[in-house]
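Source: prediction; values computed, not measured. The figures that follow rest on heavy atoms only: side chains count, while hydrogens, waters and symmetry mates do not. Reminder, nothing fancy here: chain letters follow the sequence lines and each chain counts from 1.
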Protein chains: 2
Amino acid sequence: MSVESGEERQVSIGEIARRSGVARSTVSYALSGKRAVSEETRRRIQAVIDELGYRPNAAAKALKEGRTHTIGLVIPPASQRLTDVQLGFVASVIDAAASADLDVLVSPSGGEHDRSFERVVSGRRVDGVVLMEIRLEDDRVTRLRKMGLPFVGIGRTARPEEMSWVDIDYDTLIARCVHHLADLGHRHIALVNRSTELVAAGYGPGHRAQAGFTRAMAERGLRGVQVCCADDAQSGVSCAERLLAETPGLTAIATINEAAIPGMYRALSQAGLQIPRDFSIAAVAARYLAENLHPPLTASDVPADELGAHAVELLIQRIADPAAPYRHLLVAPPISLRETTAPARPREPLT
Amino acid sequence: MSVESGEERQVSIGEIARRSGVARSTVSYALSGKRAVSEETRRRIQAVIDELGYRPNAAAKALKEGRTHTIGLVIPPASQRLTDVQLGFVASVIDAAASADLDVLVSPSGGEHDRSFERVVSGRRVDGVVLMEIRLEDDRVTRLRKMGLPFVGIGRTARPEEMSWVDIDYDTLIARCVHHLADLGHRHIALVNRSTELVAAGYGPGHRAQAGFTRAMAERGLRGVQVCCADDAQSGVSCAERLLAETPGLTAIATINEAAIPGMYRALSQAGLQIPRDFSIAAVAARYLAENLHPPLTASDVPADELGAHAVELLIQRIADPAAPYRHLLVAPPISLRETTAPARPREPLT
DNA sequence: TTGTATGCGTTATCAG
DNA sequence: CTGATAACGCATACAA
């Protein structure tokens, strides 16, 4: 067995300089190219670097430059499973950041005084932050603004002009779902929102979905019912069961609650209702989820890839020029017709 | 409207010292408590800190201490959706790290000379690394060892005694699936593995699943078929279609390919086969996936939470004492009987 | 073309 | 109990 070349202990720029017989600054310049270095010297230095495997110490560089080449990504507490849309955001932000040679520090932060969040934003550990799951009134936004740390929201507060963000137009999308269902003849439609706590806490998408639902139902002259539902399949079951029991004429659901959808499917099928023959569902959801459900879900597919990448782009711009005006991106992807909506059919045939 | 206190520009310990009329070191000690500071002085310092919102600069601290209080998490390239088991690992590692007051730097690294991976490991940006999706021969493991950077694998190489890891015992689990199916009278069973590329690249779980399958089938005197399948639903469809077409007597599938499972369901149902009456499936998968499928999947539920948390624990220990012996955790969770396995029934009744 | 000196913000060490 | 100083590794202004 050949002996592995020993451990590459951390080598400093001083070590390289000594071994190359030049000054530290010369090594630095040879690497950065910010001033001319003779070919001869450059080669000698490079040889030593290759041999010892030198890599600049990130902490020292950050201390000197005041930049970390790292962005923070604040996600909902990872303890409970993220929704597919949320996962899509995380993946695309990480990917986009990697493409821009930025590292990503992930902070699972829910509560008010979150240690992880504080660490990330207050020690200058990152050059900027992408913030997920923003509330209409959000302490973290206030905090970031006060810190003077560049940030971009995936989602927006009640005063959206005061920050950069990308967002999904839940208002418009839920309205479209309603119109689509109404066009199919549905007269009793329910909106299944996210959890009571989330909506009560001023979760933007929840409120905007409500608004869109109320408006569209009014426009069509329909009266609907709105319910909140926790973000999991089991809650989806009980929510759908309750809805069926308490709203006799109900023939369709519009929803932004991805996690509850598999549960709704189950409850419907257990009630002997076939989708979409007896009952229709239209949603705002991740394409992955929509396609893998049985039957495939008619939904407005959230373009998480695009939004995440755009968020990173906006953040990079804010970092480069913190004084630049805020920028926004609001998307309303079209509904992809799959197999969960069909013409209304009375649930209990009148005798 | 009250005027917000202006931006908290980054304040250094020197600034605090000056305003408090003490030396920098005194501020440091007042904060760390590593040497006695008079109550009087401590109060004055604290008052200034509270007023200015001082937080130690992480880069300076890291430079001085040689520790970053950050761990790296190397995940598969996020471009393609991670499997539910992988997502479970990511979430639990992030959560466990946050509980231990560690930040997590996520690196989506697939290829050999990945820039993101290099940045994370070679600039001393992290104190240690959790490595996912390890190959039997893995360059990244070699690299980390050479760097002398503590690391823990979720998964293991061909020489598992040379590193710390946690892993799922795919060998045993697939064998259990086979025995379970054989007990139900199935005589023709297929193993649906991960993608050809992954297995060819020496992906451990793929190889170990093969081994367990081959052994168990031999023990039961059965002959099976093994196929590779890409990690997505569409591939699951075509894979199952091909299997049904080419292996007439086939009545059951054992699989470790989570992402393909929804596709297999679809193909089976399109072929007019009802699960589990006409065809059985047993798998190793995430509980979330298993429970939300229709019908719910009989599977060995991977305890990703436990494994991820344990990986972080092992990593913390390795960071604390790099000379300590390597430690390992191999888990083989029991099969949760749900609704996709039943007694074998010939697919094409003999005439 | 290259070398010297300084400072980024911390904390440890040595003095007082 | 507290102050001054050095050092971590790097980048850069200044000097030669």
Inset, instruction - Mark yes when over 12 heavy atoms from residues, nucleotides or ligands other than R44(A) sit less than 6.0 Å from its CZ; otherwise mark no. - result: yes
Legend entry - Cationic N near anionic O, under 4.0 Å, D138(A) to R143(A): no
Legend entry - R125(A) side chain reached by T70(B) side chain, heavy atoms, under 4.5 Å: yes
Legend entry - Interatomic distance where NZ belongs to K64(B) and C1' belongs to dT11(C) [whole Å]: 5 Å
Inset, instruction - Mind checking G123(A) for me? I need base, sugar-phosphate or nothing, with any heavy atom below 4.0 Å counting as a touch. - result: nothing
Legend entry - Atom pair distance, as rounded to whole Å: CZ in R67(A) and C1' in dC8(C): 16 Å
Inset, instruction - For S92(A) and A304(A), indicate whether the former's side chain and the latter's backbone hold a donor-acceptor pair under 3.5 Å. - result: yes
Legend entry - Over all atoms of both residues, closest heavy-atom pair of I94(A) and P108(B): CG2-CG, 3.5 Å
Inset, instruction - Heavy atoms of chain B, cut-off under 4.0 Å: which first and last nucleotide of DNA chain D, 5' to 3', fall inside that, if you could look? - result: dC1(D) to dG9(D)
Inset, instruction - Find out whether L73(A) and L105(A) are in side-chain contact, i.e. whether some heavy atom of one side chain is under 4.5 Å from a heavy atom of the other. - result: no
Legend entry - Length of the line joining E15(B):CD and dG7(C):P, which is rounded to integer Å: 17 Å
Inset, instruction - Starting from P on dA12(C), measure out to CD1 on I13(B) and report it in whole angstrom. - result: 11 Å
Legend entry - Interface residues of residues 34-45 of chain A with DNA chain D (non-hydrogen, below 4.0 angstrom): K34(A), R35(A)
Legend entry - Given DNA chain C, 5'-ward residue of the pair R55(B) and A23(A), judged by closest heavy atom: A23(A)
Inset, instruction - Return yes when atom CZ of R81(B) has more than 12 non-hydrogen atoms of other residues, nucleotides or ligands closer than 6.0 Å, and no otherwise. - result: yes
Inset, instruction - Return the 5'-most residue of the pair E65(B), Y29(B) with respect to DNA chain D, ranking by each residue's nearest nucleotide. - result: Y29(B)
Legend entry - Nearest-0.5 Å distance that lies between atom CH2 in W165(B) and atom CG in L314(B): 10.0 Å
Legend entry - R18(B) CZ - dG9(C) C1' separation (whole Å): 12 Å
Legend entry - side-chain contact (heavy atoms from CB on, under 4.5 Å) partners for P76(A), two or more places apart: L82(A), Q86(A), M132(A), E133(A)
Inset, instruction - Indicate, with a heavy-atom threshold strictly under 4.0 Å, whether S12(B) touches base, sugar-phosphate, or nothing. - result: sugar-phosphate
